[in-house]
Amino acid sequence: MAINVLPDYCSLGFIGPGKMAESIARGVVKSGILPANRICTASHRNKTREDVFQSFGVNIVENNKQVVKNSTIIFISVKPQIVKKVLVELKDDLNDKILVSIAAGIKLKDLQELSGHDRFIRVMPNTPSAVGEAASVMARGDGLEEKDVKYVSDILGAVGKIWEIEEKYFDAVTGLSGSGPAYIYLAIEAMADGAVAAGLTRDLALNLASQTVLGAATMATQSGKHPGQLKDDVTSPAGTTIAGVHELEKGGFRGILMNAVCAAANRSRELS
Ligand code: NAD
């Protein structure tokens, strides 16, 4: 995929040097869309986080205000309950900045009201951004120019795939792709456990399980076939795979996954 390198005047700042900010920053640096020396964050008195960001070249500055000063695009990447505090703290410094909130459950309307700023984009990313495979969505606020949206879209496009959607779908997206990596980690671990029970070494089992998920996801995204068709293609009559599928269905596998997405979406609704 061709990368749109951002213009020289673009720089990126993270308010909140947590896991999600790290995943995006790592992915951005890896992609080459923006060099690490044009990215900054403030460590918020946490030496460990400072070391993590410095290890891949991101600048650590004194405080949140300095992050804002140094950056044209600012990701608000603190926990949702801290968003109000940082926006009130930074309100007077935001001027012409492009703001991006990745906080779960906080609506554009509230972000705009709290900050007195209408150049906000709301994004729901996920942690595979660290390896260039994020599934992200975004919804734009009122005061953005097309080029502002494009910069943010290019950043998120550099660390995975990005879709622009209506904000009303954010809770459902949170339940699916925001929380989804954890569901798949459980599946990988459980499949590997099964293989260990069947006699494989742990190391081989984990590698095979992870690669199987990667291969199946690649088939689902690239073959042009519906997943039901892909399943039918690999289940021969009286074969091994249909025996495994039968056990999954007896255990309510599909219903459990549907419930997981709905529960996380409902929790997102409760938090917003
Ligand atoms: P995290 O706890 O790893 O990161 C939050 C960081 O903010 C911490 O490093 C903390 O020290 C710092 N912080 C706390 N108060 C601060 C302040 N006043 N100023 C600056 N920094 C401060 O959390 P995370 O998992 O990275 O989540 C961050 C945001 O990303 C959340 O709003 C979450 O809803 C959203 N998000 C997370 C995921 C995910 O998979 N983790 C996915 C999508 C969205």
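We count ligands from 1, going down the list as the structure has it; atoms in each ligand are counted the same way.
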Taking every heavy atom of D8 against every heavy atom of R38, the minimum-distance pair comes out as O-NE, 3.5 Å

Is any NZ, NE, NH1 or NH2 atom of the basic residue among E22 and R49 found under 4.0 Å from an Asp or Glu carboxylate oxygen of the other? yes

Could you tell me whether E167 and K107 make a salt bridge, using a distance below 4.0 angstrom between a side-chain N and a carboxylate O? no

Answer yes or no: is there an ion pair linking R202 with D193, defined by an N-O contact shorter than 4.0 Å? yes

Are K69 and D93 ion-paired here, with the side-chain N under 4.0 Å from a carboxylate O? no

Which protein residues come within less than 4.0 angstrom of ligand 1, counting heavy atoms only? G16, P17, G18, K19, M20, H44, N64, S77, V78, K79, P80, I82, K85, V86, I102, A103, A104, M124, P125, T127

To the nearest 0.5 Å, tell me how far N59 CG sits from S71 OG. 9.5 Å

